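Here the structure is a predicted model, which is why all the values come from computation and not from measurement.
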Amino acid sequence: VQLQASGGGLVQAGGSLRLSCAASGTIFSINSMGWYRQAPGEQRELCAAITSVGSTDYADSVKGRFTISRDNAKKTVYLQMNSLKPEDTAVYYCNADRVRIGPSSYPRAYWGQGTLVTVSS
């Protein structure tokens with residue numbers, strides 16, 4: 001199972017970016033998919049997550065500005081980021097949690113390679 005993230009880059013404060021992450025490989029099911037971020041010198045933190053039935057969870061710092069969505073058929077998760085702030089600057093990591101490669105396989109989590117988002121003031 002591989003997660004391929006894309007969409008990071010440099011944007012001015014107040015701007016928008018859209019991140020995408022596609023899962024590939026032998027996949028039977030994915031429970032939740034999400035985005036985490038890690039700023040320099042900081043711990044990795046959850047930005048947003050979405051379950052297979054569309055339930056979402058957001059960090060307080062991004063509520064009202066970020067929107068997570070998911071295309072189950074494409075095994076892809078998106079993060080629309082609006083009204084970006086310099087403090088949103090971080091490496092953003094895609095996560096797929098409780099992934100099963102078969103109906104009886106043990107679920108495990110996978111991580112993407114990370115994509116850098118830089119917001120200039």
Side-chain angles (χ1 to χ4, degrees):
V1 177
Q2 292 185 328
L3 300 180
Q4 182 65 48
S6 61
L10 173 65
V11 64
Q12 288 187 332
S16 299
L17 282 175
R18 188 189 194 214
L19 305 182
S20 299
C21 176
S24 62
T26 302
I27 298 172
F28 175 76
S29 64
I30 303 174
N31 184 4
S32 66
M33 300 185 78
W35 291 94
Y36 289 68
R37 66 185 182 185
Q38 187 168 18
E42 302 289 334
Q43 289 189 334
R44 191 174 298 188
E45 63 175 5
L46 173 69
C47 272
I50 184 168
T51 69
S52 58
V53 296
S55 297
T56 57
D57 186 27
Y58 293 94
D60 288 342
S61 59
V62 306
K63 281 181 181 176
R65 300 187 298 122
F66 291 10
T67 301
I68 191 168
S69 60
R70 176 172 172 172
D71 185 329
N72 289 330
K74 295 182 179 179
K75 299 183 180 65
T76 300
V77 64
Y78 306 95
L79 186 67
Q80 178 66 43
M81 305 184 293
N82 298 329
S83 303
L84 282 161
K85 305 175 181 180
E87 50 264 44
D88 294 319
T89 295
V91 177
Y92 284 70
Y93 295 92
C94 172
N95 170 266
D97 194 25
R98 299 188 63 79
V99 179
R100 294 182 184 270
I101 61 173
S104 302
S105 68
Y106 189 80
R108 59 156 291 184
Y110 293 87
W111 291 91
Q113 82 282 10
T115 184
L116 178 63
V117 172
T118 304
V119 185
S120 63
S121 57

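- Residues meeting the side-chain hydrogen bond (donor to acceptor under 3.5 Å, both in side chains) test with S61, sequence neighbours left out: R37.
- For the pair A23 and I30, the tightest heavy-atom approach, listed with the atom from each and the gap, is CB-CD1, 4.0 Å.
- The side chain to side chain contact (heavy atoms under 4.5 Å, CB included) check on N72 picks up R70, with sequence neighbours excluded.
- The side-chain hydrogen bond (donor to acceptor under 3.5 Å, both in side chains) search around S16 returns N82, not counting sequence neighbours.
- Follow the hydrophobic side-chain contacts under 4.5 Å out from I50 and you never reach W111; the two are in separate clusters.
- Within the model, atoms CG of D97 and CZ of R108 stand 10.5 Å from one another, a figure rounded to the nearest 0.5 Å.
- Rounding to the nearest 0.5 Å places OG of S29 at 10.0 Å from NZ of K75.
- Rounding to the nearest 0.5 angstrom, the gap separating the CZ atom in F66 from the CG atom in L84 is 5.0 Å.
- Here the closest heavy-atom approach between residue A109 and residue N95 is recorded as CB-ND2, 4.2 Å.
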### Task
Given side chain to side chain contact (heavy atoms under 4.5 Å, CB included), test L46 with Y36 step by step and report yes or no.
CA-CA 4 Å; L46 173 69; Y36 289 68; 3.7 Å; yes
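- A salt bridge is absent between D88 and K85: the closest approach of a Lys/Arg side-chain nitrogen to an acidic carboxylate oxygen does not fall below 4.0 angstrom.
- The ring pair (Phe, Tyr, Trp, His ring centres under 6.0 Å) test applied to Y110 returns no partner, not counting sequence neighbours.
- Using a distance-only test at 3.5 Å, with no hydrogens or angles considered, a donor-acceptor pair links the side chain of R65 to the main chain of S83.
- Going from atom CD of Q4 over to atom OG of S20 covers 11.0 Å, rounded to the nearest 0.5 Å.
- Closest approach of T26 and V1 over heavy atoms only: O-CG2, 3.6 Å.
- R100 places a side-chain N or O within 3.5 Å of a backbone atom of S105 that can act as its donor or acceptor partner.
- The stretch residues 20-51 participates, sequence neighbours left out, in these disulfide (SG to SG under 2.5 Å) pairs: C21-C94.
- In terms of heavy-atom proximity, G34 sits nearest to I68 at CA-CD1, 4.0 Å.
- Of all the heavy atoms in A13 and P86, the pair that sits closest is CB-CD, 4.1 Å.
- Across all their heavy atoms, G114 and V91 have their closest contact at CA-CG1, 3.9 Å.
- Every residue meeting the side chain to side chain contact (heavy atoms under 4.5 Å, CB included) condition with V117, not counting sequence neighbours, appears here in chain and number order: L17, L19, M81, Y92, V119.
- Tracing side-chain contacts under 4.5 Å through hydrophobic residues (I, L, V, M, F, W, Y), one never reaches Y93 starting from V62; they form parts of separate clusters.
- Summarising the local packing, CD of Q2 is surrounded by 12 or fewer heavy atoms from other residues, nucleotides or ligands at distances under 6.0 Å.
- To the nearest 0.5 Å, atom CH2 of residue W35 and atom OH of residue Y78 are 10.5 Å apart.
- Here T67 contributes atom OG1 and L79 contributes atom CG; the two are 8.0 Å apart, rounded to the nearest 0.5 Å.
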